[in-house]
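Single-structure report; data block below.
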Amino acid sequence: MDKKRTENPKEQVEEITTNEETKECAEWQEKAANFENKFKRALADYQNLEKRLRDERGEIIRTSNRDLLLRFLPVLDTLILARQHDGGQTFQVVIDQFLDILKAEGIIQIKTVGEKFDPSLMEVVTTQEGKEGIVIQEVRPGYLLHDRLLRVAQVIVGKGESN
């Protein structure tokens, strides 16, 4: 045994106390580090939740707008048909205003006539003689809402030239 320890019991008590305090301090530091990690994880989870809720709210708004806009499209179709039968400029002015409003809401008309048939954006109503796979005529226009399909275009597609 160490003579120093046996000779001075007061120093032994101080050394034991210091070791216990050091051990206790280390335990508290470990607990504090654990609480800090838990706090950081909880904060990150909360921030992710806020972001997800913001995204979901935006999606709900876009979806509700989508449903409303879909209900307006038959009115636009009727105006376009009326213009074809009347031939006057009055209907064209109204149609242009209608299209401007839709464009402001993020809706764009799908280009079809003269384009290659795209089954993800178009629906074939019938085929006619013409350049194979190319849209000859649009029966009903299709629309995209913020680059997502709102309504498919109904088209007539060429089935090839007959000789």
Determine, using the 4.5 Å side-chain heavy-atom cutoff (strictly less than), whether V75 and L70 are members of one ILVMFWY cluster.
yes

Which heavy atom in Y143 sits nearest to a heavy atom in Q109, and how many Å separate them?
CD2-CA, 3.6 Å

Do K103 and I107 come close enough that some side-chain heavy atom pair is under 4.5 Å?
no

Is there a continuous path of hydrophobic side-chain contacts, each under 4.5 Å between heavy atoms, that joins V139 to M122?
no

Decide whether V94 and L76 are clustered together by the hydrophobic rule: side chain heavy atoms of Ile, Leu, Val, Met, Phe, Trp, Tyr closer than 4.5 Å, transitively.
yes

Minimal heavy-atom distance between A153 and E138, with the atoms involved, is CB-OE2, 4.5 Å

Please assess K40 against E36 for the test salt bridge (charged side-chain N to carboxylate O under 4.0 Å, His left out), listing each intermediate value before the final yes or no.
CA-CA 6 Å; K40 286 179 180 177; E36 183 179 8; 3.5 Å; yes

Take atom CG in D147; do more than 12 heavy atoms of anything else shown fall under 6.0 Å from it?
no

Is any side-chain heavy atom of V113 less than 4.5 Å from a side-chain heavy atom of I136?
no

For Q92, I'd like to know if atom CD has over 12 heavy atoms of other residues, nucleotides or ligands within 6.0 Å.
yes

Quick check for you: to the nearest 0.5 Å, what is the distance between K111 atom NZ and D118 atom CG?
14.0 Å

Find out whether L144 and I110 are in side-chain contact, i.e. whether some heavy atom of one side chain is under 4.5 Å from a heavy atom of the other.
yes

Using side-chain heavy atoms (C-beta onward) and a distance below 4.5 Å, is L150 in contact with L73?
yes

Given the rule that I, L, V, M, F, W and Y join up when any side-chain heavy atoms are under 4.5 Å apart, are I101 and F72 in one cluster?
no

Between CD of Q154 and CG of D77, what distance do you get to the nearest 0.5 Å?
9.0 Å

Calculate, to the nearest 0.5 Å, the distance between atoms CD and CG belonging to E105 and L145 respectively.
9.0 Å

Any heavy-atom pair between the side chains of I134 and F117 that's under 4.5 Å?
no

State, with a plain yes or no, whether a side-chain heavy atom of L102 is found less than 4.5 Å away from one of I108.
no

CG on L43 to CG on N48, rounded to 0.5 Å
9.5 Å

Should the heavy atoms of other residues, nucleotides or ligands under 6.0 Å from CD of E56 be counted, would the total exceed 12?
yes

Find the distance between CD (E115) and CG (L121) and round it off to the nearest 0.5 Å.
10.5 Å

Quick one: are L68 and R71 in side-chain contact, heavy atoms under 4.5 Å?
yes

Below 4.5 Å, heavy atoms only, C-beta onward: do I80 and I95 meet side chain to side chain?
yes

Determine the minimum heavy-atom distance between V124 and T126, stating which atoms define it.
CG1-O, 3.4 Å

Atom pair CG/CD of L79 and Q97 - distance to nearest 0.5 Å:
10.5 Å

Greater than 12 external heavy atoms within 6.0 Å of Q89's CD
no

Candidates R66, R148, R52, R54 - the one meeting salt bridge (Lys or Arg N to Asp or Glu O under 4.0 Å) with E59:
R148

